[in-house]
Amino acid sequence: FFHDIRAAADDVARAAAQGVEIVSCSRYMNRYYRDAIRALAAENGAAPAPAPDIGIVYPAVEARDYIVDADLENGFVTMINPVPEKGIETVLALLPLLPGERFLLVENWPLGAERLAALERRLADLPNARFLPHQADIREVYRQTRTLIVPSVWSESAGRVVLEAQLSGIPVLASALGGLAEMVGAGGRVIEDFRNPQAWAEAITALGDRAEHRRLSA
């Protein structure tokens with residue numbers, strides 16, 4: 001069961017050749033490994049082999065662990081996991097563009113003392129952002145959230161956090177990268193120019209339209 005793209009293509013190919021049943025967590029992952037196996041065969045001068053049959057098991061989310069009465073009218077624009085891979089640099093550049101919008105940055109992967117201090121220094125001049133340390137119960141985060149942003153700059157295999165938020169009707173804005181678009185579906189928008197803070201500012205501003213926000217929430 002492949003949860004991300006770190007497995008080597010030759011390992012996946014060998015598993016398929018031995019009859020091992022292969023499962024991934026998104027259609028994106030399936031395409032990634034099928035393309036990687038084809039490219040490996042071409043590099044080795046081998047005849048193109050049939051692409052392995054890869055099943056899909058999407059991230060499993062226990063609804064009762066996440067569903068809340070989210071503040072869809074006045075809550076925060078929330079980012080979970082403010083680290084470089086997840087797009088914190090994009091968000092830090094976005095914050096000054098929307099001084100009237102309230103942002104919540106929530107620790108997930110432990111930042112450590114040094115990185116935490118660095119982030120707090122950068123947020124000191126950005127009064128529209130609040131930092132929240134890791135929460136034992138993520139529902140406390142979703143209760144305060146109006147819109148979730150997922151500005152990842154690496155290829156997410158799926159994006160479980162998208163499903164968690166959408167269980168409570170929270171629309172999601174996510175990078176057009178990896179399996180995120182697949183997870184967002186009709187419950188949000190995908191940002192094609194995801195490294196551009198202005199693109200995020202425009203998408204967030206568009207969700208200031210209550211009717212559009214309610215439509216995506218539904």
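Numbering of residues begins at 1 and proceeds along the displayed sequence.
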Tell me, with the steps shown, if Asn81 and Val161 meet side-chain contact (heavy atoms from CB on, under 4.5 Å). CA-CA 10 Å; Asn81 214 0; Val161 68; over 6 Å; no
Mind running side-chain contact (heavy atoms from CB on, under 4.5 Å) on Gln144 and Asp71 for me, showing each step along the way? CA-CA 6 Å; Gln144 304 175 61; Asp71 189 351; 6.0 Å; no
Do [X] and [Y] land in one hydrophobic cluster if side-chain heavy atoms of ILVMFWY residues count as linked below 4.5 Å?
X	Y	answer
Leu177	Ile88	yes
Leu94	Val150	no
Leu92	Leu132	no
Phe2	Ile37	yes
Leu180	Ile170	yes

When you look at Arg146 and Glu101, which way does the salt bridge (charged side-chain N to carboxylate O under 4.0 Å, His left out) test go after all the steps? CA-CA 11 Å; Arg146 176 172 65 85; Glu101 194 72 64; 2.5 Å; yes
Spacing of [X] atom [atom1] and [Y] atom [atom2] [to the nearest 0.5 Å]:
X	Y	atom1	atom2	answer
Met79	Thr90	CE	OG1	8.0 Å
Phe76	Leu148	CZ	CG	14.0 Å
His3	Ser157	NE2	OG	8.5 Å
Arg143	Ile138	CZ	CD1	11.0 Å
Asp4	Cys25	CG	SG	7.5 Å
Leu123	Phe131	CG	CZ	8.5 Å

Which atom of [X] lies closest to which atom of [Y], heavy atoms considered:
X	Y	result
Leu111	Pro82	CD2-O, 3.9 Å
Arg160	Ala60	NH1-O, 2.6 Å
Val172	Gln166	CG2-CG, 3.9 Å
Arg139	Arg64	NH1-O, 3.5 Å
Ala63	Leu167	CA-CD1, 3.9 Å
Val141	Gln135	CG2-CG, 3.8 Å

Who are the side-chain hydrogen bond (donor to acceptor under 3.5 Å, both in side chains) partners of Asp193, not counting sequence neighbours?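 Asp193 satisfies side-chain hydrogen bond (donor to acceptor under 3.5 Å, both in side chains) with Asn196 only.
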Non-hydrogen side-chain atoms of [X] and [Y] separated by less than 4.5 Å:
X	Y	answer
Ile22	Asp53	no
His213	Pro171	yes
Leu104	Arg130	yes
Ile54	Met29	no
Val91	Lys86	no
Gln198	Leu97	yes
Ser24	Tyr33	no

Yes or no on side-chain contact (heavy atoms from CB on, under 4.5 Å) for Thr147 and Ile204, after CA distance, side-chain angles and deciding distance? CA-CA 8 Å; Thr147 301; Ile204 292 169; 5.7 Å; no
Can you tell me if [atom1] on [X] sees more than 12 non-hydrogen neighbours from other groups inside 6.0 Å?
X	atom1	result
Asp209	CG	yes
Arg210	CZ	yes
Asp11	CG	yes
Glu114	CD	no

Do the rings of Trp109 and Trp154 sit parallel, tilted or perpendicular, given the 30° and 60° boundaries? perpendicular
Dump the intermediate steps for side-chain contact (heavy atoms from CB on, under 4.5 Å) on Phe194 and Ser152, then the final yes or no. CA-CA 8 Å; Phe194 58 86; Ser152 293; over 6 Å; no
Side-chain atoms of residues 181-190: list all donor-acceptor pairs with protein atoms under 3.5 Å, sequence neighbours left out, distances to 0.1 Å.
unit_1: Glu182; atom_1: OE1; unit_2: Arg27; atom_2: N; d: 3.2
unit_1: Glu182; atom_1: OE1; unit_2: Tyr28; atom_2: N; d: 3.1
unit_1: Glu182; atom_1: OE2; unit_2: Arg27; atom_2: N; d: 2.6
unit_1: Glu182; atom_1: OE2; unit_2: Tyr58; atom_2: OH; d: 2.8
unit_1: Arg189; atom_1: NH2; unit_2: Glu212; atom_2: OE2; d: 2.7

Verify, without hydrogens or angle tests, whether [X] (side chain) and [Y] (backbone) share a donor-acceptor contact under 3.5 angstrom.
X	Y	answer
Ser175	Val153	no
Arg102	Asn74	yes
Asn128	Leu98	yes
Asn108	Ile80	no

Check Val68, Ile67, Val106 against Tyr142 for a side-chain contact (heavy atoms from CB on, under 4.5 Å) and give me the one that passes.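 Only one of Val68, Ile67, Val106 forms a side-chain contact (heavy atoms from CB on, under 4.5 Å) with Tyr142, namely Val68.
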Criterion side-chain contact (heavy atoms from CB on, under 4.5 Å) against Phe103, the qualifying member of Thr78, Leu126, Leu95: Leu95
Note: Arg122-Glu89 ion pair, threshold 4.0 Å (strictly below):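 Yes, this pair counts.
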